[in-house]
Amino acid sequence: MTAVTVIRIEPRPACPVCGGPGATHYRRLNDAVWGVPGTWNLAQCADRQCRMLWLDPMPLEEDIGLAYQRYQTHTVASAGPPSGLRQLFRRAKRAYLGKRFRYPAEDFTLAERVLGVLIGISPQHRARVESSAFHLPGGTRGRLLDVGCGAGDGIVRMRALGWEAEGVDFDARAVEAARGLGLTVACGSLIAQRYAAGSFSAVVMTHVIEHVYGLKADLGECFRVLEPGGRLVIETPNASSWLHGRFEANWRGLEPPRHIQVFTRAALGRLARDCGFEVEDLSTTAKAASFFFGASNALARARQQGTASEDRFGLLTQLLGDAIAACEAGLLMANADLGEELVLVARKPVTA
């Protein structure tokens with residue numbers, strides 16, 4: 001059998017969430033991040049209450065693995081012993097999480113408590129720390145599944161907070177690395193694992209759903225494996241973000257062809273409700289705006305030069321990105337739709 005060397009495509013004229021028609025929004029975008037051959041069109045839903053973006057035509061699901069051959073998101077971070085300052089910040093984050101999400105009280109020092117209060121005052125630091133705990137309250141700790149867990153960083157964090165955390169991922173190398181840390185991680189799709197119904201208190205998907213083909217099938221499986229009252233948490237790029245408006249086709253959140261769809265707040269909320277969930281919170285955050293700014297600048301230059309950016313940018317751009325992120329956090333006070341990422345927290349109804 002001849003190996004596939006080119007990603008095959010098929011038409012996808014209908015919105016993946018509402019099923020409505022779309023019109024081409026971006027034409028012939030190349031992958032200027034990792035250099036996958038080909039060009040890609042993005043359609044936008046015509047329904048003003050949705051405005052979802054998706055690839056049309058879309059890569060065949062059986063070929064999409066070709067787009068991930070140089071993808072570098074599942075590497076294992078080298079973790080030496082924490083320095084005194086790092087340990088102080090780690091403990092301060094725990095102090096903040098204890099207050100914010102009602103995790104059990106610990107014997108924190110005055111410095112750790114004060115720094116924890118300062119974390120709560122800073123929108124950027126607050127958003128990052130809350131994301132590190134997947135926005136989950138400590139009073140409902142139980143079994144947690146991290147879908148698309150990579151090398152298991154999130155599992156390690158949540159175990160430290162008292163959750164019985166495990167994961168599932170397609171990337172065999174990442175799964176091997178996670179297992180090497182003693183973590184429970186399955187390899188393959190969520191549906192293929194056939195977890196028992198109602199066996200998890202929480203399911204989290206961080207920057208995963210934009211890659212998923214069977215949206216309703218996967219969220220339906222999340223619903224099935226959650227216990228009544230269990231929570232689903234999703235983080236994903238926001239098509240209505242401030243920086244998307246500035247960078248347009250060069251916005252890093254588009255990432256064709258790996259991001260086969262990019263959500264708006266309305267579209268993500270509709271998808272969750274269609275799958276039976278009750279939406280507790282659906283917001284946007286500027287926590288990754290510094291990265292989006294730097295990576296979008298790098299992508300724009302790479303397109304001009306005909307190279308791949310590989311998300312590389314310098315310290316000056318990073319510092320400017322920090323200032324941009326602070327501006328975006330301020331803009332969110334006036335318009336809650338402008339953050340670079342969407343955050344959904346939804347519950348399976350207790351009566352389900």
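Computed over heavy atoms, backbone and side chain alike; hydrogens, waters and symmetry mates excluded.
Put simply, the side chain of Arg51 gets close to the backbone of Cys45: a donor and an acceptor are under 3.5 Å apart. Checked by atom type and distance alone, the side chain of Arg159 never pairs as donor or acceptor with a backbone atom of Glu164 at under 3.5 Å. In this structure, the side chain of Arg157 does not engage the main chain of Ala133 through any donor-acceptor pair within 3.5 Å. One N or O on the side chain of His244 and one on the backbone of Ala239 form a donor-acceptor pair closer than 3.5 Å. Side chain of Arg179 to main chain of Thr184: no donor-acceptor pair is present (N/O by atom type, distance under 3.5 Å, no hydrogens or angles). Under a 3.5 Å cut-off, the side chain of Ser240 and the backbone N or O of Asp337 do not form any donor-acceptor pair. With Glu280 contributing its side chain and Arg231 its backbone, the two residues share no donor-acceptor pair below 3.5 Å. Here the side chain of Ser199 pairs a donor or acceptor atom with the backbone of Ala196 at under 3.5 angstrom. For Arg303 (side chain) and Ala249 (main-chain N/O), a donor-acceptor pair under 3.5 Å exists by modelled atom type. Put simply, the side chain of Asn238 never gets that close to the backbone of Leu342: no donor and acceptor are under 3.5 Å apart.
Clustering ILVMFWY residues whenever any of their side-chain heavy atoms sit less than 4.5 angstrom apart, transitively, puts Phe101 in the very cluster that holds Leu136. One hydrophobic cluster, built from ILVMFWY side chains closer than 4.5 Å, cannot hold both Met158 and Val203; they sit in different ones.
Within a 6.0 Å sphere centred on CD of Gln193, heavy atoms belonging to other residues, nucleotides or ligands number more than 12. The neighbour count for His125 NE2, taken as heavy atoms of other residues, nucleotides or ligands under 6.0 Å away, does not exceed 12. Around atom CZ of Phe89, no more than 12 heavy atoms belonging to other residues, nucleotides or ligands sit under 6.0 Å away.
For the pair Arg143 and Trp163, the minimum side-chain heavy-atom distance is 4.5 Å or more. The shortest side-chain heavy-atom distance between Pro59 and Trp40 falls under the 4.5 Å cut-off. Taking the side chain as every heavy atom from C-beta outward, Leu226 and Leu232 approach each other to under 4.5 Å. Under the 4.5 Å side-chain criterion, counting only non-hydrogen atoms from C-beta, Ile121 is not in contact with Arg126. In this structure the side chain of Phe223 never reaches within 4.5 angstrom of the side chain of Cys275, judged on heavy atoms. For the pair Val168/Val175, no side-chain contact is recorded, criterion being any heavy-atom separation below 4.5 Å from C-beta on. The closest side-chain heavy-atom distance from Phe247 to Asn297 is below 4.5 Å. Here the side chains of Ile260 and Trp54 are not in contact, with every heavy-atom distance at 4.5 Å or above.
Between the side chains of Thr285 and Glu341, not a single donor N or O lies within less than 3.5 Å of an accepting N or O. Side-chain contact annotation: Ser296 with Asn250, donor-acceptor N/O pair under 3.5 Å absent. His135 and Glu235 share a donor-acceptor pair across their side chains, judged by distance under 3.5 Å alone. Side chains of Tyr96 and Glu130: a donor-acceptor N/O pair is present below 3.5 angstrom, by distance only.
Of the inter-residue distances, the one linking Leu66 atom CG with Arg258 atom CZ reads 12.0 Å to the nearest 0.5 angstrom. We find the CE-CZ distance between Met58 and Arg8 to be 15.5 Å, quoted to the nearest 0.5 Å. To the nearest 0.5 Å, atom SG of residue Cys187 and atom CG of residue Asp171 are 7.5 Å apart. Summarising the geometry, atom CG belonging to Leu190 is positioned 6.5 Å from atom CG belonging to Leu145; distances are rounded to the nearest 0.5 Å. With rounding to the nearest 0.5 Å, the separation of CG in Leu161 from CZ in Phe134 is 10.0 Å. The distance from atom OG1 of Thr317 to atom CZ of Arg312, rounded to the nearest 0.5 Å, is 14.5 Å.
A salt bridge links Arg224 and Glu221; the closest N-O separation between the charged side-chain nitrogens and carboxylate oxygens is under 4.0 Å. Between Arg91 and Glu106 there is a salt bridge, since a side-chain N of the basic residue sits under 4.0 Å from a carboxylate O of the acidic one. A salt bridge does not link Glu340 to Lys287: none of the charged side-chain nitrogens sits closer than 4.0 Å to a carboxylate oxygen.
A cation-pi arrangement, defined by a distance under 6.0 Å to the six-membered ring centre and an angle within 45 degrees of its axis, is absent between Arg252 and Phe292.
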Could you walk me through whether Trp242 and Ile324 pass the side-chain contact (heavy atoms from CB on, under 4.5 Å) test, one step at a time? CA-CA 10 Å; Trp242 179 48; Ile324 293 293; 3.7 Å; yes
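Of the residues listed (Val233, Thr236, Val279, Leu271), the one engaging Leu344 in a side-chain contact (heavy atoms from CB on, under 4.5 Å) is Val279, and it is the only one.
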